[in-house]
Amino acid sequence: QVQLVESGGGLVQAGGSLRLSCAASGRTFSSSGMGWFRQAPGKEREFVASIGWSAYLTHYADSVKGRFTISRDNAKNTLYLQMNSLKPEDTAVYYCAGRTASGWAESSREYRYWGQGTQVTVSS
């Protein structure tokens with residue numbers, strides 16, 4: 001069983017930055033593809049970014065490309081999402097998710113494990 005706990009959310013002004021962290025329990029983190037998703041009020045959950053087990057391969061949604069960076073520290077069992085140049089439309093609950101496979105993936109159906117989410121609010 002894998003447990004994921006997000007942290008680092010909060011309130012920030014447009015143009016600001018936040019770094020989200022996701023602490024993972026379990027021995028499979030270092031061999032698992034990981035991802036970040038978000039869900040805004042009244043909207044469906046959407047893909048943000050994903051990373052393969054080795055951290056060399058990453059994939060981003062077009063809406064965050066060039067502003068967000070996904071990374072991981074396998075020694076610390078931790079996933080990160082650095083968010084720069086934040087916009088009000090980035091406001092959402094952000095979820096960390098883990099796969100049983102090693103590569104990155106865009107579809108939420110590819111992820112077995114989910115955190116509880118952390119709120120990110122960007123004011124204009």
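Just so you know, residue 1 is the first one in the sequence shown, and it goes up from there.
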Quiz item: So W36 and C96, side-chain contact (heavy atoms from CB on, under 4.5 Å) or not? Walk me through it.
Solution: CA-CA 5 Å; W36 288 98; C96 169; 3.9 Å; yes
Quiz prompt | Rounded distance (nearest 0.5 Å) linking atom CG of L79 with atom CD1 of I51 | solution = 7.0 Å
Practice problem: Considering non-hydrogen atoms only, spot the tightest contact between R67 and L86 and give its length. | Solution: NH1-CA, 3.9 Å
Exercise. Might you work through the ring pair (Phe, Tyr, Trp, His ring centres under 6.0 Å) test for F37 and F47, ending with a clear yes or no?
Key: CA-CA 5 Å; F37 290 77; F47 169 77; 5.7 Å; yes
Exercise. Could you check S7 against S21 for side-chain contact (heavy atoms from CB on, under 4.5 Å), going step by step and ending with a plain yes or no?
Key: CA-CA 5 Å; S7 62; S21 298; 3.7 Å; yes
Quiz item: Any side-chain donor paired with an acceptor under 3.5 Å for T78 and D73?
Solution: no
Quiz prompt | Sidechain-backbone polar pair: N77 side chain, S30 backbone, donor-acceptor under 3.5 Å | solution = no
Quiz prompt | Crowding at CD, E89 (>12 non-hydrogen neighbours, <6.0 Å) | solution = yes
Self-check item: Criterion side-chain contact (heavy atoms from CB on, under 4.5 Å) on Y60 and T69, from CA distance to verdict
Solution: CA-CA 8 Å; Y60 296 90; T69 302; 3.8 Å; yes
Quiz prompt | Backbone N/O of F29 and side chain of R72: donor-acceptor pair under 3.5 Å | solution = yes
Quiz prompt | Under-4.0 Å salt bridge between K65 and D62 | solution = yes
Practice problem: Taking atom types as modelled, find out whether R38 and Y94 have a side-chain donor-acceptor pair closer than 3.5 angstrom. | Solution: yes
Quiz prompt | Least distance between heavy atoms, L4 atom then A24 atom | solution = CD2-CB, 3.5 Å
Quiz item: In Å and rounded to the nearest 0.5 Å, what is the CG to CD distance from L18 to Q82?
Solution: 8.5 Å
Quiz prompt | Check: T100 main-chain N/O paired with Y113 side-chain donor or acceptor under 3.5 Å | solution = no
Quiz item: Are the side chain of T121 and the backbone of L11 linked by a donor-acceptor contact shorter than 3.5 Å?
Solution: no
Quiz item: So, N74 side chain and W53 main chain: donor-acceptor pair closer than 3.5 Å or not?
Solution: yes
Quiz item: Closest approach of W114 and R112, non-hydrogen atoms and distance?
Solution: CD1-O, 3.9 Å
Exercise. Write down the atom of A40, the atom of A92, and the distance for their closest heavy-atom approach.
Key: N-CB, 3.8 Å
Quiz item: Is a donor on one side and an acceptor on the other found under 3.5 Å between the side chain of R99 and the backbone of M34?
Solution: no
Exercise. Of all the heavy-atom pairs spanning S17 and N84, show the shortest one and how long it is.
Key: OG-OD1, 2.9 Å
Quiz item: Would you say the side chains of S50 and Y111 form a donor-acceptor pair under 3.5 Å?
Solution: yes
Practice problem: List the atom of L81, the atom of A49, and the distance in Å for their closest heavy-atom pair. | Solution: CD1-CB, 4.3 Å
Quiz item: Does CD in Q116 sit with more than 12 non-hydrogen atoms of other residues, nucleotides or ligands closer than 6.0 Å?
Solution: no
Quiz prompt | Inter-residue atom distance L20.CG - F68.CZ, 0.5 Å rounding | solution = 8.0 Å
Exercise. Kindly say whether V2 contributes a backbone atom to a donor-acceptor pair with the side chain of S25 at under 3.5 angstrom?
Key: no
